[in-house]
> 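Take a look at this one; I'll ask things after.
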There are 2 protein chains.
Amino acid sequence: MFKELDPLLHSQLRLAVISLLIGVKEAEFNFIKEKTESSSGNLSVQLQKLKEAGYIEISKGFKDNFPLTTCKITDKGIKAFEVYVKAIKQYIQVKK
Amino acid sequence: MFKELDPLLHSQLRLAVISLLIGVKEAEFNFIKEKTESSSGNLSVQLQKLKEAGYIEISKGFKDNFPLTTCKITDKGIKAFEVYVKAIKQYIQVKK
DNA sequence: TAAAGTACTTTATAATATAAACTAATTTAT
DNA sequence: ATAAATTAGTTTATATTATAAAGTACTTTA
């Protein structure tokens, strides 16, 4: 009846992050932070979880001498998002 | 950018319950339990939360001598569900 | 009348999310 | 030169939430 909702994506912040990355393909830590209106701490934790799941890649470098964290969605992340979208639609009864 | 997702509805089981009740308007505890494939304990707790939020009404009676719990969505619950659906659509980019 | 079953609720534990505090460095002001 | 403020995060502690296990209160069946 109701499909499982991937717990990794069924989290407001992580879902927002993935939703953002689906659009832009690559984004900086602060860009994501602003768009999602999250705290640095919370975002840091959730990005790690998405990385551990293999849904995003995180690369660390520097920009104007400051550390810069950049995130990119992976194929696995895209696939997981698609599965999640199909599942949640069952719950919200989106008729195609 | 991203709308708040009502934490009361952003829970797999509670969302499934509300999604069910939107359709049938009234349902028995076991019907909900079967459709959502949840445990009695978890369902009991989540129904109480939905009740406390005023999203559903719970009425208790008897059927064939056994206790019978029946649930019904309230106007507030319907409204909250509609708001949730609008919000989550932003995340999953459902184009109308 | 004892064992098994129905229909839950309560409580305890595990998992999750969030906020606060901390690290490490850079820039700016004194 | 150096202290204070800022940037860009991470780590840790706490609060919240979800879930599973145990418990309550019966009823039915053997």
Side-chain angles (χ1 to χ4, degrees), chain A residues 2-20 26-53 55-72 80 84 87-88 91, chain B residues 2-20 26-53 55-72 80 84 87-88 91:
Chain A
F2 290 105
K3 278 185 208 146
E4 248 294 276
L5 293 175
D6 182 349
L8 250 135
L9 293 184
H10 196 59
S11 138
Q12 174 156 329
L13 182 48
R14 289 195 300 268
L15 186 60
V17 168
I18 291 292
S19 181
L20 258 183
E26 185 162 279
E28 295 172 8
F29 188 97
N30 273 323
F31 174 80
I32 300 173
K33 191 186 164 205
E34 281 161 27
K35 290 291 181 182
T36 59
E37 291 170 280
S38 59
S39 67
S40 304
N42 193 10
L43 182 55
S44 178
V45 171
Q46 306 313 328
L47 288 180
Q48 287 307 316
K49 288 189 184 176
L50 289 171
K51 182 194 168 190
E52 275 158 37
Y55 289 1
I56 66 170
E57 273 169 22
I58 299 180
S59 45
K60 275 151 197 306
F62 286 88
K63 182 188 168 190
D64 301 334
N65 291 329
F66 285 106
L68 181 72
T69 299
T70 309
C71 303
K72 205 178 154 180
Y84 177 84
I88 193 97
Y91 292 76
Chain B
F2 290 104
K3 278 185 208 148
E4 247 295 276
L5 294 176
D6 182 349
L8 249 135
L9 293 184
H10 196 59
S11 137
Q12 174 158 331
L13 183 47
R14 289 196 299 269
L15 185 61
V17 168
I18 291 292
S19 179
L20 258 183
E26 185 163 279
E28 295 172 8
F29 188 97
N30 272 324
F31 174 80
I32 300 173
K33 190 187 163 204
E34 281 161 29
K35 291 290 181 182
T36 59
E37 290 171 279
S38 59
S39 67
S40 304
N42 194 10
L43 182 56
S44 179
V45 171
Q46 307 312 329
L47 288 180
Q48 288 307 317
K49 287 189 185 176
L50 288 171
K51 183 194 167 189
E52 275 158 37
Y55 289 1
I56 66 170
E57 274 169 20
I58 299 180
S59 45
K60 276 154 197 305
F62 286 88
K63 182 187 166 192
D64 301 334
N65 291 328
F66 285 106
L68 181 71
T69 299
T70 308
C71 302
K72 206 179 154 180
Y84 177 85
I88 194 98
Y91 292 76

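In what follows, chains are A, B, ... by sequence order, proteins preceding strands, each numbered from 1. Computed over heavy atoms, backbone and side chain alike; hydrogens, waters and symmetry mates excluded.
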> Can you tell me which residue among B/Ser44, B/Ser40, B/Ser38, B/Ser39 is in a side chain to side chain donor-acceptor pair (under 3.5 Å) with B/Lys33?
B/Ser40
> Once rounded to the nearest 0.5 Å, what's the spacing between atom CD of A/Glu57 and atom NZ of A/Lys72?
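Answer rounded to 0.5 Å: 6.0 Å.
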> According to a strict under-4.0 Å criterion, is B/Gln12 in side-chain N/O contact with OP1 or OP2 of D/dA18?
no
> If you walk 5' to 3' along DNA chain C, what is the first nucleotide with an atom under 4.0 Å of a heavy atom in chain B, and what is the last?
C/dG5 to C/dT10
> What I'd like to find out is whether the side chain of B/Leu5 reaches to under 4.5 Å of the side chain of B/Tyr91, using heavy atoms alone.
yes
> So which heavy atom on B/Ser11 is nearest to which on A/His10, and how close?
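In this case the closest contact between B/Ser11 and A/His10 is N-NE2, 3.7 Å.
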> Would you name the heavy atoms of A/Ala80 and A/Leu9 that are closest together and state the gap between them?
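Where A/Ala80 meets A/Leu9 most closely, the heavy atoms are O-CD1, 3.4 Å.
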> So which atom in A/Phe2 and which in B/Ser19 form the shortest heavy-atom distance, rounded to 0.1 Å?
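Residues A/Phe2 and B/Ser19, closest heavy atoms: CE2-OG, 3.6 Å.
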> Between A/Asn65 and A/Ser39, just flag the one whose closest nucleotide in DNA chain C comes earlier from the 5' side.
A/Ser39
> Tell me, for nucleotides 1-17 of chain D in 5' to 3' order, what letter each nucleotide earns: B for a base near a protein heavy atom under 4.0 Å, S for only sugar-phosphate near one, - for neither?
------BSBBB-----S
> Using 0.5 Å steps for rounding, measure from the CG atom of B/Leu13 to the OG1 atom of B/Thr36.
5.0 Å
> Restricting to non-hydrogen atoms, name the atom on B/Leu8 and the atom on B/Arg14 that form the minimum distance, rounded to 0.1 Å.
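Looks like O-NE, 2.6 Å.
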